[in-house]
Amino acid sequence: MRVLLAAGTTETALIDGISAAGAAPELMAHTPSADVEILIYGEPTVSPVTPVSPTGCPTPAAVTRAVREVVGFDLSVIDAGLAKSTAAPTVDLGVQPGVDVREPAAVPDANATFDRAYDYGASLPDDEVMIGETVPGGTTTALGVLTALGEPGGVSSSLPENPIERKRQVVDEALAESNLEAGDCDGDPLEAIEAVGDPVQPTVTGIAAGALESGTDVTLAGGTQMVAVAALLRHAGIDADLSVATTSFVADEQGDRLAETCDRLDCELTVTDPGFDASDHVAMERYCAGEAKEGVGMGGALSLVPDGRMGEVRERLETVCDRLGIE
Ligand code: AAM
């Protein structure tokens with residue numbers, strides 16, 4: 001199995017109170033760069049911080065790394081608009097960081113990014129791939145494109161108390177600034193991304209579209225951000241089989257809505273519970289309290305763990321957290 005991790009940024013993450021994917025707003029731009037270093041090396045290398053929430057919950061990259069150390073999988077990192085340098089080897093598709101969605105164009109080069117990502121996806125030699133993401137603010141931009149497409153339903157959050165009303169306000173402002181109303185982008189997913197999305201979206205949507213077209217099975221590894229990608233693919237007229245693999249933390253928060261949305265988008269849904277309630281380690285306690293919930297391919301990675309081996313993942317996560325200075 002190859003995991004493709006699309007790592008990017010959007011200025012949208014800087015909107016007050018919208019994201020916990022970094023200890024402080026000025027650190028969020030480093031989160032994706034550090035996340036991919038954790039996946040590759042086990043710890044940040046040139047990145048100055050280990051991404052944690054303001055209350056100290058470690059990045060989901062720690063969990064994905066722990067799974068990787070236990071079961072092993074091929075990994076490629078795609079630069080989907082990084083704002084800070086990273087020492088992780090990345091595939092360069094020329095993607096730029098995203099602009100605040102409340103500006104007229106949030107992803108000015110969405111079309112060109114999609115095309116390059118498509119060619120990359122179509123060139124992959126793998127029979128199956130999983131695609132994950134790291135982009136602070138990504139649930140707000142997910143709500144942006146879902147609304148522009150006219151898709152009902154909400155999105156999750158890295159915060160235990162989802163600031164969904166704030167997100168709706170931001171999306172309303174963003175649509176108005178782009179002279180759009182909810183549902184206006186029904187048949188034009190790239191217009192939705194350009195107006196109110198983030199650069200990870202055309203990257204993941206393009207890779208998935210190219211991979212599916214060339215006969216590669218695709219699992220979208222993530223929560224509501226990946227549901228938004230599934231919606232973008234369906235609105236692009238792609239009807240190939242598609243799966244979403246997420247965590248029990250997202251599924252618990254979203255309730256029946258997650259399965260209903262996946263059903264409507266004709267996506268298979270896999271939910272994996274890592275059994276963190278069996279541990280009294282501070283990181284796992286924070287996940288059980290609803291922090292972070294998903295990201296950096298966590299739900300997809302957990303779905304690769306064979307029955308009976310989740311205890312090993314939890315043990316390994318403690319080692320990864322020790323290395324990251326989280327105890
Ligand atoms: C990615 N890196 C993270 C992290 N994520 N580091 C710490 N905490 C997280 N939750 P929101 O829209 O609330 O910002 O949530 C989306 C982000 O949270 C994404 O970057 C996702 O990968 C995760």
Side-chain angles (χ1 to χ4, degrees), residues 3 5-25 27-39 44 47 49-65 77-78 80-84 86 97-98 101 131-146 154-164 166-168 170-171 197-201 203-204 220-229 246-247 249-250 253-254 283 286-287 289-301 320-321 324 326:
V3 174
L5 211 292
T9 56
T10 164
E11 287 171 357
T12 309
L14 292 171
I15 300 174
D16 211 26
I18 231 158
S19 173
L27 295 177
M28 273 188 217
H30 288 290
T31 293
S33 300
D35 278 343
V36 293
E37 289 178 350
I38 291 168
L39 292 189
S47 294
V49 283
T50 289
V52 293
S53 72
T55 49
C57 183
T59 169
V63 181
T64 305
R65 171 70 195 194
V77 176
I78 295 90
L82 290 171
K84 301 288 180 187
T86 183
V101 288
I131 315 180
E133 57 67 40
T134 163
V135 51
T139 59
T140 301
T141 45
L143 183 65
V145 297
L146 286 167
V155 290
S156 185
S157 173
S158 57
L159 286 149
E161 288 292 323
N162 192 344
I164 189 76
R166 180 78 184 111
K167 289 178 189 175
R168 286 193 205 284
V170 167
V171 167
D198 69 56
V200 167
Q201 292 164 347
T203 308
V204 175
L220 300 170
T224 50
Q225 290 167 254
M226 286 306 176
V227 169
V229 169
T246 193
T247 63
F249 305 113
V250 171
E253 189 224 24
Q254 292 290 302
R286 287 189 171 129
Y287 274 89
E291 293 194 48
K293 298 185 195 74
E294 174 58 286
V296 203
M298 175 178 169
V320 171
C321 284
L324 295 175
I326 291 157

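Counting starts at 1 for both ligands and their atoms, in listed order. Quick note: residue numbers are just sequence positions, from 1.
- Below 4.0 Å from some heavy atom of Gly138 lie the following atoms of ligand 1, by number and element: 12 (O).
- Every atom of ligand 1 with a heavy atom of Ala292 under 4.0 Å away is listed here by number and element: 10 (N).
- Of the heavy atoms in Pro60, only side-chain atoms (C-beta onward) come closer than 4.0 Å to ligand 1.
- Counting the atoms of ligand 1 from 1 in the order shown, those under 4.0 Å from a heavy atom of Val135 are 17 (C), 19 (C), 20 (O).
- The backbone N or O of Ser157 lies less than 3.5 Å from a partner atom in the side chain of Lys293, making a donor-acceptor pair.
- Under a 3.5 Å cut-off, the side chain of Thr246 and the backbone N or O of Val250 do not form any donor-acceptor pair.
- Taking every heavy atom of Thr31 and a limit of under 4.0 angstrom, the matching atoms of ligand 1 come to 2 (N), 3 (C), 6 (N).
- Shortest non-hydrogen contact noted between Ala292 and Tyr287 is CB-CE2, 3.6 Å.
- Considering backbone and side-chain atoms alike, Leu159 places every N or O at 3.5 Å or more from each N or O of ligand 1.
- Below 4.0 Å from some heavy atom of Pro136 lie the following atoms of ligand 1, by number and element: 14 (O), 20 (O).
- At least one heavy atom of Glu294 sits closer than 4.0 Å to an atom of ligand 1.
- In this comparison of Ile18, Thr59, Ile38, the heavy atom closest to atom 3 (C) of ligand 1 sits on Thr59.
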> Thr139 and Lys167: side chain to side chain donor-acceptor pair (under 3.5 Å), yes or no, with the steps?
Replying inline: CA-CA 9 Å; Thr139 59; Lys167 289 178 189 175; 2.8 Å; yes
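- In terms of N/O distances under 3.5 Å, ligand 1 is not approached by Gly22.
- Heavy-atom separations between Lys293 and ligand 1 are all 4.0 Å or longer.
- The nearest pair of heavy atoms linking Val320 to Ala62 is CG1-O, 3.8 Å.
- Taking any N or O of Asp35, backbone or side chain, at least one lies under 3.5 Å from an N or O belonging to ligand 1.
- Of all the listed residues (Ala21, Gly295, Ala6), Ala21 holds the heavy atom that lies closest to atom 18 (O) of ligand 1.
- Residue-to-ligand polar distances place Ser158 within reach of ligand 1: an N/O pair is separated by less than 3.5 Å.
- Val135 places a side-chain heavy atom less than 4.5 Å from the side chain of Thr10.
- When only interatomic distances are considered, the shortest N/O to N/O separation between Gly137 and ligand 1 falls below 3.5 Å.
- Side-chain atoms of Thr224 come within 3.5 Å of backbone atoms of Ser156 as a donor-acceptor pair (strictly under, hydrogens ignored).
- Side-chain N or O atoms of Thr134 include none that pairs as donor or acceptor with a backbone N or O of Asp35 at under 3.5 Å.
- At a heavy-atom distance under 4.0 Å, no atom of Val52 approaches ligand 1.
- At least one N/O-N/O distance between Ser19 and ligand 1 falls below 3.5 Å.
- Here the side chain of Arg286 pairs a donor or acceptor atom with the backbone of Thr55 at under 3.5 angstrom.
- Among Val171, Val101, Val170, the single residue meeting the side chain to side chain contact (heavy atoms under 4.5 Å, CB included) criterion with Leu143 is Val171.
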> Should Val155 and Ile164 be marked as a side-chain contact (heavy atoms from CB on, under 4.5 Å) after you check the CA-CA gap, both sets of side-chain angles, and the distance that decides it?
Replying inline: CA-CA 8 Å; Val155 290; Ile164 189 76; 3.9 Å; yes
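- Below 3.5 Å of separation, one finds an N or O of Glu133 facing an N or O of ligand 1.
- Remark: the backbone N or O of Val296 is paired with a side-chain donor or acceptor of Thr64 at under 3.5 angstrom.
- Nearest protein heavy-atom neighbour of atom 16 (C) of ligand 1: Gln225 OE1, 3.4 Å.
- Annotation: Thr139 places an N or O atom under 3.5 Å from an N or O atom of ligand 1; distance criterion only.
- Residue contacts with ligand 1: Ser53 is excluded, as none of its non-hydrogen atoms falls under 4.0 Å.
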>> Is there a side-chain contact (heavy atoms from CB on, under 4.5 Å) between Val52 and Ile326? Walk through the geometry before answering.
In response: CA-CA 9 Å; Val52 293; Ile326 291 157; 4.0 Å; yes
